[in-house]
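These numbers come from a predicted model, not from an experiment. In this chain, residues are counted from 1 in sequence order. Whatever order the structure lists ligands and atoms in, that order sets their numbers, starting from 1.
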Amino acid sequence: MKALVYTGVEELTYREENNPVETNGEGILKVQASGICGSDMHAYHGKDERRIPPLILGHEVSGKILNGKFKDKTVVLNPLITCLKCEYCTSGREHLCPDRVLLGMNRPHVRQGAFAELITAPEQNIYEIPKQLDTKEAAVAEPTAVSLHAVLMAENSSKKTLSECRILVQGAGAIGLLCALVLSKIKNAKNLTISDPNKLRLDECSKYVEAKFVNPSNKEINIDAFDIVFDTVGLEISRQQAISVVKPGGIIIHIGLTQPSGQFNFRKATLQEITFIGTYCYTNKDFKNTIKILANKDIGDLNWIEYRELKNGASAFKEIHDGTCSAPKIVLLP
Ligand SMILES: [Zn+2]
Ligand SMILES: [Zn+2]
């Protein structure tokens, strides 16, 4: 099969790779679409110790199953493979399973990713998609589930309904846009601000969601102004802004993790009872609900997805790296 292989820091090679072998309890997927994720970019920059070259990256994937229980079904894969037995897996919090493995990683276990013509996954990770959901669009189920989960975490901790809250979303990438879409179109949030230094991205996002779109230095983002801040960036500077602009008693939802450490205003966090919530991935239930949300067009049309050919994937990575790309999500087609 052909695959786009991560062969070194900032290097991707489109080349011939061995086909995956058929194993019991696993389905082989003929990939129709696979999205480029922020975490793939992190690996591409050589900053992910769980993704070491050579490796096929990619985990946001849809297509048709060639064998086994789901043969000939059109499906999307839940890339998070978990043990099914631990206290988390048996209580609906599978994403916290200590033995979890993600597609497109090779440490501690090898699981080749989706930037290829074929990929295998355990049958428990295969989800059939309804007819009204376009197979190519279904590739965004994973980032949509991440965003839905983050919004639900905020909703569960908020003393007010989300529709009454003033909310800041930092970052207009796919997760920022998807959080804003879920907040606005499903949770009826009316007072949304989205910030990003990249004007191209803000302009693109403004076509799909009702919000104020500003540079992070805009005075619209002022001290003690927001009930909830979604940090989809995860830089020290974005966290410092989040804690500064969140209201007393407010909530910070931390989804981005570009810089895992740094200074933080613990004084304000303590004296003003700020709730800081780290959020990661999604539960299996969130993933199922996401497929329904996408199929019913609950978050609107998905024309913000840009499609490119897999064989030109290296240039897509380069453009995302250079910041010259306005699309919040690029999906590669083999
Ligand atoms: Zn992803
Ligand atoms: Zn488990």
Asker: Please check this pair: side chain of Q132 against backbone of N296, looking for a donor-acceptor N/O pair closer than 3.5 Å.
Answerer: no
Asker: Does D203 come within less than 4.0 Å of K199, counting only side-chain N to carboxylate O?
Answerer: yes
Asker: Do the side-chain N and O atoms of T135 and T74 include a donor-acceptor pair separated by under 3.5 angstrom?
Answerer: no
Asker: Taking all atoms of both residues into account, what is the closest heavy-atom pair of S163 and N188, and its distance?
Answerer: CB-O, 3.2 Å
Asker: If you leave out waters, which protein N, O or S atoms are less than 2.8 Å from the Zn ion (ligand 1)?
Answerer: C37 SG, H59 NE2, E60 OE2, E142 OE1
Asker: Only one of K247, K268, R166 clears salt bridge (charged side-chain N to carboxylate O under 4.0 Å, His left out) with D224; which?
Answerer: K268
Asker: Charged N to carboxylate O under 4.0 angstrom, E117 versus K30?
Answerer: no
Asker: Are more than 12 heavy atoms, taken from residues, nucleotides or ligands other than K285, located less than 6.0 Å from that residue's NZ atom?
Answerer: no
Asker: Are H254 and F276 close enough that their ring centres sit under 6.0 Å apart?
Answerer: yes
Asker: According to the interplanar angle, ranging from 0 to 90°, do the rings of Y44 and H321 count as parallel (below 30°), tilted (30 to 60°) or perpendicular (above 60°)?
Answerer: perpendicular
Asker: Can you list, by chain and residue number, the protein N, O or S atoms under 2.8 Å from the Zn ion (ligand 2)?
Answerer: C83 SG, C86 SG, C89 SG, C97 SG
